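Please read the structure below before turning to the comments.
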Amino acid sequence: MVNRNLIRNLESDHQIDDLFHTAVADIEDPSAMIDLIDTDRGFAINKIIEGRVIRIDEDTVLVDVGFKSEGSIPRNEWDEQEEPPAIGDIIKVLVEEVEEEFAPTEDPFGMVSLSRRKAQKLIEWDNVMNSVKEGQVVTGTVTRKIKGGLLVDIGVNVFLPASQVDIRRPSDIGDYIGRSVQCEVLKIDETRRNIVVSRRSLIEKQRKEDRERLLEELVEGQIRKGVVKNIAEFGAFVDLGGIDGLLHITDMSWERIGHPSEMVALDQEIEVVILHIDREKQKIALGLKQKQANPWDTVVEKYPVNTTHHGTVVNVMSYGAFVKLEPGIEGLVHISEMSWTKRINHPNELVNIGDDIDVVILGVDREGQQLSLGMKQTQENPWDRVRERYPEGGVVTGRVRNLTNYGAFVELEEGIDGLLHVSDMSWTRKISHPNELLEKGAQVTCRVLSVDRERRRIALGLKQLDEDPWTHDIPNNYQPGQVVRGKVTKITNFGVFVGLQDGLEGLLHISELADHKVENPDEVVKVGQEIEVKILRVDTEERKIGLSRKRVEWAEEEEHGEKSKEREHRAALKGGLGEAGPLIAPRPARGAAPAEQSPPSDEPAE
């Protein structure tokens with residue numbers, strides 16, 4: 001059965017016609033040639049007739065064809081390997097030109113122009129046309145390479161397109177010259193006397209038969225021989241004898257390989273294991289490494305957890321390094337398992353491909369074929385001795401490595417940091433951000449407050465280097481009723497903070513600003529303004545000082561009277577220091593409304 005789709009994919013008829021006419025260029029007007037040998041004496045140009053050799057010259061052979069004059073044939077139409085002509089031989093010739101009645105022919109001797117070679121070609125074409133059919137298998141020898149394909153001699157020259165030479169187009173079809181090939185006749189054009197053949201279609205049919213037969217024989221787990229036909233980045237295709245199977249790169253070796261060419265070569269015969277067969281899609285998965293024992297079967301016994309082994313770094317990624325312990329057994333050292341103390345941005349800061357290193361087995365997953373390895377576990381963990389080196393209460397010096405909103409990280413040694421929280425920087429000063437006291441990279445001396453080895457944390461304190469001023473100094477220096485000077489540092493909607501000394505602040509509640517009711521503290525004082533205030537209360541437990549501006553000029557009797565009222569109405573209040581409101585209720589002005597409520601409990605009072 002002729003593959004018509006294949007014919008339609010061939011070069012156009014015009015191209016084939018050109019190739020054919022090139023091959024028989026010395027035959028004039030082939031479309032007008034006779035279909036049968038003419039044995040009578042009806043002379044006409046391009047007819048084949050019989051003649052008898054009557055004379056042989058050096059360059060010409062004279063033949064009697066029964067015409068008024070003899071015909072001449074060039075001597076070179078007899079090839080050297082042929083038997084030379086002899087007088088009396090009966091031969092078939094093609095009449096190329098006949099002497100006209102009133103004009104001489106172009107023949108210098110006035111003879112009939114004949115061709116033995118062209119007659120032979122036409123006879124051969126007629127024989128082939130009568131004996132060969134489309135779909136028939138023919139055998140011939142490749143004679144030469146022409147544009148678009150090859151000429152194959154099957155008795156006559158037929159055209160074998162380059163796309164039909166093989167299943168995969170050869171790099172040079174000229175290598176087929178001189179080879180005997182079997183082809184299928186795809187197309188016969190009797191009018192133009194040309195034949196197109198295909199070797200590829202014949203191979204495909206044969207492979208289809210072999211494939212179907214082979215698929216019936218194959219069983220998963222079988223070991224079969226095959227030939228490597230193609231190599232790609234992801235694997236190699238192996239011809240099993242009619243069907244190709246894919247040998248993926250991951251199934252070539254138990255150990256890591258970079259390219260399939262490290263394991264196989266083109267046209268190499270190898271033995272492979274049938275891993276999987278998809279009969280519907282006719283796809284076969286092959287394996288090479290499966291011929292050997294899987295080293296992961298015994299990995300738990302050979303590499304117990306917490307044992308140390310020697311390996312070679314085979315790959316380095318951003319998240320870690322892969323280490324080969326033996327062929328086919330590799331494990332990952334995660335970047336977090338490389339050093340106890342060093343801050344590593346990339347594993348290649350410590351290891352490179354080819355390095356021999358010691359690792360500790362951290363975990364084994366035989367089913368997933370994964371090993372978790374550690375490098376730092378081969379060394380002593382400095383956190384195991386951190387309590388000895390940095391005891392609680394001890395004084396240490398380090399470098400400010402980083403500043404955050406909540407504190408500063410101080411590097412005590414490489415990989416060992418302590419946190420200096422903002423609340424532990426000053427006894428008296430309210431620190432909003434560590435950069436108010438510290439700079440990145442600066443040396444700072446602190447006291448060790450606590451050490452948590454399990455969580456790898458060290459708490460540091462800066463203010464703990466000095467005695468707590470709230471214990472003695474502040475209560476002794478600031479007594480209730482004392483008038484002091486201070487500078488306004490901050491104004492809020494509930495009052496004013498006044499700086500006294502060394503970062504110590506007291507709260508001047510809005511109700512204590514003036515005798516009259518104050519809606520906006522900005523109307524009375526400004527930030528940076530120095531004012532006199534009276535100490536109302538010093539709370540060492542809450543670490544707060546309550547102040548009053550309006551009471552600076554009050555007489556002692558007024559002070560006692562106001563305090564009596566407060567005791568009656570607000571026995572539980574702490575003034576501007578506590579959660580319930582001001583320490584002393586404001587004295588209402590004549591005709592004025594009662595005093596405003598105290599600030600919210602979450603507002604600072606220092």
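No experiment lies behind these values; they were computed from the predicted model shown. Values below: every heavy atom of this structure, side chains too, minus hydrogens, waters and symmetry copies. By convention here, the first residue in the shown sequence is residue 1.
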- request: For the pair Met338 and Val333, evaluate side chain to side chain contact (heavy atoms under 4.5 Å, CB included) and give the outcome as yes or no after the intermediate values.
  value: CA-CA 7 Å; Met338 290 188 167; Val333 180; 3.8 Å; yes

task: Go through Gln290 and Asp251 one step at a time and tell me if the side chain to side chain contact (heavy atoms under 4.5 Å, CB included) criterion holds.
output: CA-CA 7 Å; Gln290 287 77 6; Asp251 289 310; 3.0 Å; yes

- request: Please name the pair of heavy atoms, one in Val181 and one in Val142, separated by the smallest distance, quoted to 0.1 Å.
  value: CG2-CG2, 4.0 Å

- request: Search all heavy atoms of Cys183 against all heavy atoms of Leu202 and return the closest pair with its distance.
  value: N-CD2, 4.0 Å

Pair Glu70 + Arg55: basic N to acidic O under 4.0 Å: no

message: Counting C-beta onward and ignoring hydrogens, is there a side-chain heavy-atom pair between Leu186 and Ser201 closer than 4.5 Å?
response: yes

query: Is it the case that more than 12 heavy atoms not belonging to Glu233 sit under 6.0 Å from its CD atom?
result: no

Distance in Å, Ile335 CD1 paired with Ile344 CD1, rounded so as to fall on 0.5 Å steps: 5.5 Å

message: For Tyr303 versus Glu326, what's the shortest heavy-atom pair and its separation?
response: OH-OE1, 2.7 Å

task: May I ask you to decide if Leu215's main-chain N or O and Arg279's side chain share a donor-acceptor pair within less than 3.5 Å?
output: yes

- prompt: Do Val63 and Arg116 have side chains that get closer than 4.5 Å, going by heavy atoms?
  reply: no

message: Using modelled atom types and a 3.5 Å cut-off, is there a donor and acceptor pairing between side-chain atoms of Lys376 and backbone atoms of Ser336?
response: yes

query: Once you round to the nearest 0.5 Å, how far does CE of Met252 lie from CG of Leu247?
result: 4.0 Å

Lys302 side chain near Ile329 side chain, heavy-atom distance below 4.5 Å: no

- line: Interatomic distance, CD1@Ile177 vs OG1@Thr143, rounded to 0.5 Å, equals 8.0 Å

Partners meeting side chain to side chain donor-acceptor pair (under 3.5 Å) with Arg213 (sequence neighbours left out): Asp210

message: Does any part of the side chain of Val323, heavy atoms only, come nearer than 4.5 Å to the side chain of Met375, both counted from C-beta?
response: no

query: Is there side-chain contact between Ile416 and Trp340, with heavy atoms separated by less than 4.5 Å?
result: no

Interatomic spacing from CG in Leu286 to CG in Leu275 - rounded to 0.5 Å: 6.5 Å

Closest non-hydrogen atom pair between Thr60 and Ser72, with its separation: CG2-CB, 3.6 Å

Whether Lys289 side chain and Glu255 backbone form a donor-acceptor pair below 3.5 Å: no

- prompt: Would His346 and Val316 satisfy side chain to side chain contact (heavy atoms under 4.5 Å, CB included), going step by step from the backbone distance to the final call?
  reply: CA-CA 9 Å; His346 195 280; Val316 178; 3.9 Å; yes

message: Quick one: does any side-chain atom of Glu337 pair with a main-chain N or O of His334 as donor and acceptor, under 3.5 Å?
response: no

message: Tell me if a side-chain donor or acceptor on Glu134 pairs with a main-chain N or O of Ile188 at a distance below 3.5 Å.
response: yes

message: Quick check for you: to the nearest 0.5 Å, what is the distance between Met263 atom CE and Ile249 atom CD1?
response: 10.0 Å

query: Just by distance, do the side chain of Trp296 and the backbone of Gly368 share a donor-acceptor pair under 3.5 Å?
result: no

query: If you measure from the Lys or Arg side-chain nitrogens to the Asp or Glu carboxylate oxygens, is any gap between Lys342 and Glu349 under 4.0 Å?
result: no

message: With a 4.5 Å cut-off on side-chain heavy atoms, are His276 and Glu220 touching?
response: yes

field: Heavy-atom pair of closest approach, residues Val197 and Leu160
entry: O-CD1, 3.4 Å

message: Check this for me: Arg343, atom CZ, are more than 12 non-hydrogen atoms of other residues, nucleotides or ligands nearer than 6.0 Å?
response: yes

message: Under the rule for side chain to side chain contact (heavy atoms under 4.5 Å, CB included), what residues qualify as partners of Leu218, not counting sequence neighbours?
response: Leu214, Gln222, Arg224, Leu240, Ile274, Ile277, Ile284

task: Test Asp166 against Arg179 for salt bridge (charged side-chain N to carboxylate O under 4.0 Å, His left out), laying out the working first.
output: CA-CA 14 Å; Asp166 207 338; Arg179 289 174 55 178; over 6 Å; no

field: Worked check of side chain to side chain contact (heavy atoms under 4.5 Å, CB included) between Leu246 and Phe237
entry: CA-CA 5 Å; Leu246 174 61; Phe237 290 95; 4.1 Å; yes

- prompt: Between OG1 of Thr312 and CD1 of Ile353, what distance do you get to the nearest 0.5 Å?
  reply: 12.0 Å

task: Compare every heavy atom of Pro170 with every heavy atom of Val165, then report the nearest pair and how far apart it is.
output: CG1-CG, 4.0 Å

- request: Report yes if some heavy atom in the side chain of Gln206 is under 4.5 Å from a heavy atom in the side chain of Gln182; otherwise report no.
  value: no

- prompt: With the threshold set at 4.0 Å, does a side-chain nitrogen-carboxylate oxygen contact exist between Asp417 and Arg401?
  reply: yes

query: Under 3.5 Å, is there a donor-acceptor pair between the side chain of Arg366 and the main chain of Asp297?
result: yes

- request: Sequence neighbours left out, what passes ring pair (Phe, Tyr, Trp, His ring centres under 6.0 Å) with Tyr176? Give chain and number order.
  value: none

Side-chain (Asp57) to main-chain (Asp59) donor-acceptor, under 3.5 angstrom: no

Ile361 vs Pro304 side-chain heavy atoms within contact, under 4.5 Å: no

